[in-house]
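Positions are given from 1, in the same order as the sequence printed here. Since the model is a prediction, treat every value here as computed from it, not as a measurement.
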Amino acid sequence: LITSVAAQNGYAVGIITDSSLDGVVPASFYAHCAKKQNYYDIAVQAKDSGVGLMIGQVFKRQKSFKKDDLSVVLKSGGYKQISSLKGQEKLPPGKVIAALKNIPFAIDAKQDSPSLAAFVEKAIEKFKTEKFVLITIAGKMNQAAEMHDTAALIREMDAFDRAVKKAYDFYRERPQETLIVVAGTVETGGLTLGVDNSADLDVGVLKNQKISAEAFKSAVNRFRKRRPVGATVENFMPQIEKNFGLRLLSKEQKKDLTARAEKGDEEAALALDMNLNAAELSALREAFRYSMTETEKRPKTEAYLNKYGKYDPLQIAPVKILARRAGVGYSTFGQTAVPVPVSAVGNGAFFFMGSYPQTALFGKILGAMGLMIPPADQKKEP
């Protein structure tokens with residue numbers, strides 16, 4: 001692990017993420033485990049990892065049968081454990097794990113919500129008098145792409161850009177001793193611009209979306225529990241209109257709005273534009289029907305999985321409609337083999353020019369740090 005080699009060579013090491021600290025990407029920097037679902041076995045390895053700072057969402061499994069609670073294990077490793085990071089509050093000295101209960105998607109965030117940019121700023125403040133390696137993981141960007149949630153994805157890209165800017169500001173102060181490398185782990189979703197052979201993009205339509213598909217799932221679940229007998233998608237439309245701007249207008253409403261639009265009423269014109277067409281309404285009706293069906297009774301066919309993946313159909317249907325209107329498409333709910341870009345600035349940036357296997361990043365980063373790749377027998381850890 002890069003983090004292990006760095007720690008052994010006197011570097012302070014930090015791992016920060018906007019997803020769970022035992023998620024597959026953050027965990028890959030401090031743990032070894034055969035199965036990514038073995039959350040407790042992953043988390044306890046932080047104790048002996050050499051990582052001095054971890055910030056992210058709470059560990060998924062705090063306890064294991066006949067074993068010490070995770071908090072006890074981490075405390076024995078010398079970690080101070082905190083559950084919030086507010087405003088200008090600085091991180092405490094020594095080894096720290098900040099495991100926050102909830103880190104929202106950027107589209108759902110409030111002014112005082114935790115963010116990746118704030119984590120970077122606090123980590124740099126803690127480490128700035130030392131030589132350090134800071135691993136920063138934008139996990140929610142991957143989640144948004146996996147859910148085909150284009151509006152949330154754009155906001156996550158912007159949030160990550162702000163986090164990179166915090167690092168870049170530090171680089172500008174110390175250009176001769178700082179290296180920033182931005183690299184993707186894998187492309188997810190198979191995003192395509194110009195779907196249906198169209199060169200037209202209208203991402204402005206995505207401004208109608210107010211919350212992430214992940215947050216919208218709560219509205220779907222609440223409706224499912226409380227829905228009236230014989231409920232139809234029309235009963236749920238107020239939630240769809242409120243959160244995505246999509247409308248289901250009656251003939252009378254369309255007639256009235258059309259007349260107002262012809263007289264120059266821009267709001268009426270926008271309302272007409274957001275009216276569901278026949279194909280979109282059909283897609284919503286189908287998603288509603290499946291969503292109101294018990295999970296175990298839903299189809300297991302390839303066609304169903306290609307349409308909704310592992311997600312609730314009604315959770316996904318509105319974001320798919322907005323994406324298509326914007327001219328954006330997706331080919332999968334999983335990962336693709338599309339090459340991912342690598343960008344670098346600072347001392348050693350030349351190591352990252354050209355094309356190469358993703359595994360080459362390990363040696364390139366160590367080379368930029370002036371360190372050798374350890375012999376194979378030294379890389380093995382218990």
Side-chain angles (χ1 to χ4, degrees), residues 1-7 9 11-19 23-30 51 55-56 106 115-117 119-121 123-124 127 131-146 153-193 330-332 334-374 379:
L1 300 177
I2 284 178
T3 51
S4 300
V5 178
N9 284 274
Y11 283 81
V13 177
I15 299 174
I16 61 178
T17 179
D18 56 5
S19 57
V24 63
V25 179
S28 69
F29 287 98
Y30 69 87
V51 177
I55 307 176
S115 68
L116 206 59
F119 298 164
V120 171
E121 188 173 31
I124 289 175
F127 286 151
K131 61 178 185 178
F132 67 91
V133 174
L134 183 61
I135 309 295
T136 304
I137 301 154
K140 281 187 164 49
M141 193 187 301
N142 179 75
Q143 290 176 261
E146 187 175 293
L153 176 59
I154 291 172
R155 294 288 292 275
E156 289 306 318
M157 293 172 68
D158 181 59
F160 181 63
D161 187 62
R162 291 196 298 272
V164 173
K165 185 181 183 302
K166 295 292 183 182
Y168 191 76
D169 289 343
F170 179 79
Y171 155 75
R172 291 178 67 184
E173 294 176 7
R174 306 182 185 185
Q176 299 305 315
E177 54 190 275
T178 304
L179 170 67
I180 301 172
V181 179
V182 178
T185 53
V186 68
E187 195 280 330
T188 302
L191 184 148
T192 302
L193 300 179
Y330 295 85
S331 63
T332 178
Q335 300 171 346
T336 72
V338 173
V340 292
V342 178
S343 301
V345 64
N347 192 348
F350 62 88
F351 278 97
F352 303 91
M353 298 173 64
S355 300
Y356 38 84
Q358 192 178 48
T359 50
L361 281 172
F362 179 78
K364 289 177 177 292
I365 291 174
L366 289 185
M369 295 167 67
L371 302 176
M372 298 292 292
I373 297 178
K379 288 192 292 183

Mind listing the closest non-hydrogen atom pair of Ser19 and Pro26 along with its distance?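 Closest approach of Ser19 to Pro26, heavy atoms only: OG-CG, 4.4 Å.
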Hey, does [Y] have a side-chain heavy atom less than 4.5 Å from the side chain of [X]?
X: Val182; Y: Phe160; answer: yes
X: Val25; Y: Thr17; answer: no
X: Val13; Y: Phe29; answer: no

Hey, could you give me each pair passing salt bridge (Lys or Arg N to Asp or Glu O under 4.0 Å) that has a residue in residues 170-182? Not counting sequence neighbours.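 Passing the test, one end in residues 170-182: no pairs.
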Under 3.5 Å, is there a donor-acceptor pair between the side chain of [X] and the main chain of [Y]?
X: Asn347; Y: Gln176; result: yes
X: Glu156; Y: Asn142; result: no
X: Lys140; Y: Asp18; result: yes
X: Glu187; Y: Val340; result: no
X: Lys364; Y: Phe352; result: no

Among side-chain atoms of Glu146 and Thr188, is any donor-acceptor pair under 3.5 angstrom?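 There is no such pair between these side chains.
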CA sep, side-chain torsions, deciding dist, call: Arg162, Asp158, salt bridge (Lys or Arg N to Asp or Glu O under 4.0 Å): CA-CA 6 Å; Arg162 291 196 298 272; Asp158 181 59; 2.3 Å; yes
Test ring pair (Phe, Tyr, Trp, His ring centres under 6.0 Å) applied to Phe132 and Phe170, step by step: CA-CA 12 Å; Phe132 67 91; Phe170 179 79; 5.7 Å; yes
